[in-house]
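Down below is the structure, laid out as structure tokens.
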Amino acid sequence: MRVALINEGTYPYAPGGVGTWCHQILNGLDGHEFHVVALTGHGGPREPAYPVPPSVTAVETYPVWDRPIMVSGGIARHRRRRAASAAAVLLCRGLLGDDPHSAGMFADGLRRLTELSGDGTHPLFGTELPEVLLDAWQASAGPAAGRPPLPRLSLRDARSAAVLLEHAVRPLACRTPRVDLCHPAAAGLPVLVALAAKWRAGTPYLLTEHGVYLRERYLEYGAGMPLAVKTVVLRFYRALARLGYDEAALVASVSRFNQRWELRLGAHPAKVVVVPNGVEPLRYPPLATEPTVPTVTWVGRIDPLKDLHTLIRAMRTIRDAEPLARLRLAGPVPETGREYAASCLALIERLGLRAAVDLSGPVTCSRQAYADGHLVALSSISEGLPYTIIEAMMCGRPTVSTDVGGVSEVVGGTGLIVPPGDPVAFGQACLELLGDGERRRKLGAQGRDRALTHFTVDRMLAAYRQLYTDVRAA
């Protein structure tokens, strides 16, 4: 088949769980041709983090925050502005409502914007979106049964929200070549590319959700954003997730945790299947030795969702009980994570842990990073089904993880699970394993057996081969 694989901010430019999954799909599903659509913040030359395999016919980079394409001709601009404004009214009124009629308006607004963006023009370009949003807000601000009233939306807030909305819908203008199916890797902006292909050419799509996109937006838009702006943006993403689930031929969830979110947001139970991530056992044979110094290893991308602040604070607890203990943080710092990485360094200095914590940067082989520690830690506040934990289990290393996403589904009884955001509990769990070599070996062996049984890449690829066939047949 010809497949458009659509992702946001990951493959092939940024390493991470979704990037690893894309790389496995592209290399493992023999006989298919792939057109990769990479949604990015801005354009410009980029160095790929992954070697692009021969199965990929093209990598199309679509920057969401670059300058819009202009419409030439005064009459054409006027006609388009009127049509785009009418679509914007449907979009804004639809995202602010909670009933099926509102969902229909939201979908109709996006369909009309898809038609308008056929020439590559960004969908909402030329509209007076802040005014449209204010009108829709006033129309929806009245009391409704079972729904709290909307906060006040100022003109300034409306302008801020309009900028975010205008850029968010730009992927509708991304035109994929003729393919048999689209495969978006998140229930967010990648779904817009798949929806546009379905509405333009009838192309079905299979939606895979790694982390719950909507939940991650809830976590991302914190105290720094005005409440009214946050309300607009989150309602947009909620409406988009619901529409994405509804229009998908099938939804592949990496965990039952994700599946519960999807069903709660309206996905039809018959559409949602669970396909866990997997790794190649030959790349992660069991580790036979341990380092001489008590060491906790973390592997991943430096990002606020990984909550390294909790892990660093936990290290203070560990160090107080075990003065020689060390923490090794191995992973890249993406462009969007530089500020967070600086805050981690500042926290390390503030807690007096400079001699105990090693930020070693990206590693060429994650197995070597696991070999450098007695246990592997994961302190995230949001996860899908993390490759780090599966890889560590395959290597026979015990894990200490936070109870988020599908982590507990992966670990089972082969590692320690603690609440997220609790550095004391995290530190105590690490100390338990650091002080008990027999328990570490027992949990490590059980973890490898569990990974071999449930989380191999061959199992994952076999499931997707069948799902591709099912989507095309449907």
Side-chain angles (χ1 to χ4, degrees), residues 1-8 10-11 17-18 20-37 53 55-57 107 176-213 240-280 384-385 406 409 453-474:
M1 301 179 199
R2 294 164 297 172
V3 181
L5 185 65
I6 311 158
N7 74 90
E8 177 186 354
T10 56
Y11 189 88
V18 178
T20 297
W21 174 85
C22 289
H23 195 58
Q24 290 174 333
I25 291 289
L26 296 172
N27 282 277
L29 294 183
D30 301 331
H32 300 304
E33 289 185 351
F34 291 91
H35 178 90
V36 174
V37 178
S55 63
V56 176
T57 58
T176 61
R178 194 76 174 182
V179 293
D180 296 302
L181 66 90
C182 289
H183 192 171
L189 302 191
V191 163
L192 289 170
V193 181
L195 285 170
K198 181 177 182 180
W199 291 334
R200 288 187 182 116
T203 307
Y205 68 89
L206 164 66
L207 169 59
T208 290
E209 190 151 42
H210 296 271
V212 180
Y213 193 95
L240 178 59
R242 288 173 168 169
L243 178 62
Y245 299 145
D246 188 56
E247 293 279 349
L250 288 172
V251 178
S253 179
V254 299
S255 68
R256 292 190 298 274
F257 175 87
N258 286 13
Q259 185 184 41
R260 289 194 293 272
W261 271 80
E262 292 151 0
L263 296 177
R264 183 67 180 270
L265 287 166
H268 195 287
K271 282 186 178 182
V272 184
V273 295
V274 177
V275 182
N277 294 333
V279 301
E280 173 53 65
L385 206 78
E409 298 173 37
T453 302
H454 300 289
F455 305 111
T456 64
V457 69
D458 285 346
R459 289 173 62 92
M460 182 196 78
L461 292 173
Y464 276 108
R465 285 191 188 96
Q466 186 59 53
L467 288 176
Y468 278 15
T469 301
D470 292 346
V471 170
R472 188 178 188 183

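Model, not experiment: these values are computed from the prediction. Values below: all heavy atoms of this structure, side chains included; hydrogens, waters and symmetry mates excluded.
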Handout entry: Pairwise side-chain contact, V3 with D180, heavy-atom cut-off 4.5 Å (strictly under)
Key = no
Handout entry: Whether Q24 side chain and G278 backbone form a donor-acceptor pair below 3.5 Å
Key = yes
Problem - E8: partners by side chain to side chain donor-acceptor pair (under 3.5 Å), with sequence neighbours left out - result: Y213
Exercise for the section: Can you sort out the partners of R200 under side chain to side chain donor-acceptor pair (under 3.5 Å), two or more places apart, ordered by chain and number? Expected result: S117
Handout entry: Whether H35 side chain and A4 backbone form a donor-acceptor pair below 3.5 Å
Key = no
Practice task
Ignoring hydrogens and angles, tell me if any N or O in the side chain of N27 forms a donor-acceptor pair with the backbone of H23 under 3.5 Å.
Solution key: yes
Exercise for the section: Give me the ring orientation class for F34 and Y468: parallel if the planes are under 30° apart, tilted from 30 to 60°, perpendicular past 60°. Expected result: tilted
Exercise for the section: Mind listing the closest non-hydrogen atom pair of G406 and S255 along with its distance? Expected result: CA-CB, 3.8 Å
For residues 460-467, dump all side-chain donor-acceptor pairs below 3.5 Å to protein atoms at least two apart in sequence or in another chain.
from: Y464; atom 1: OH; to: T208; atom 2: OG1; distance (Å): 2.9
from: R465; atom 1: NH2; to: G28; atom 2: O; distance (Å): 3.0
from: Q466; atom 1: NE2; to: D470; atom 2: OD1; distance (Å): 2.9

Practice task
Taking K271 for its side chain and A249 for its backbone only, find out whether a donor-acceptor pair lies under 3.5 Å.
Solution key: no
Handout entry: Any donor-acceptor N/O pair, E409 side chain to F257 backbone, under 3.5 Å
Key = yes
Problem - By side-chain contact (heavy atoms from CB on, under 4.5 Å) - contacts of T10 (at least two apart) - result: N7, V18
Problem - Non-hydrogen side-chain atoms of V191 and L240 separated by less than 4.5 Å - result: yes
Handout entry: Main-chain N/O of L385 paired with N277 side-chain donor or acceptor, under 3.5 Å
Key = yes
Completion exercise
Residues passing the side-chain contact (heavy atoms from CB on, under 4.5 Å) test with E247, sequence neighbours excluded, are R111, L195, K198, W199, Y205, L243
Problem - Side-chain heavy atoms of T456 within contact of V279, under 4.5 Å - result: no
Problem - Candidate pair L26 and L5, rule side chain to side chain contact (heavy atoms under 4.5 Å, CB included), full reasoning - result: CA-CA 9 Å; L26 296 172; L5 185 65; 3.8 Å; yes
Exercise for the section: Any salt bridge (Lys or Arg N to Asp or Glu O under 4.0 Å) involving residues 185-194? Give me the pairs, sequence neighbours left out, ordered by first then second residue. Expected result: none
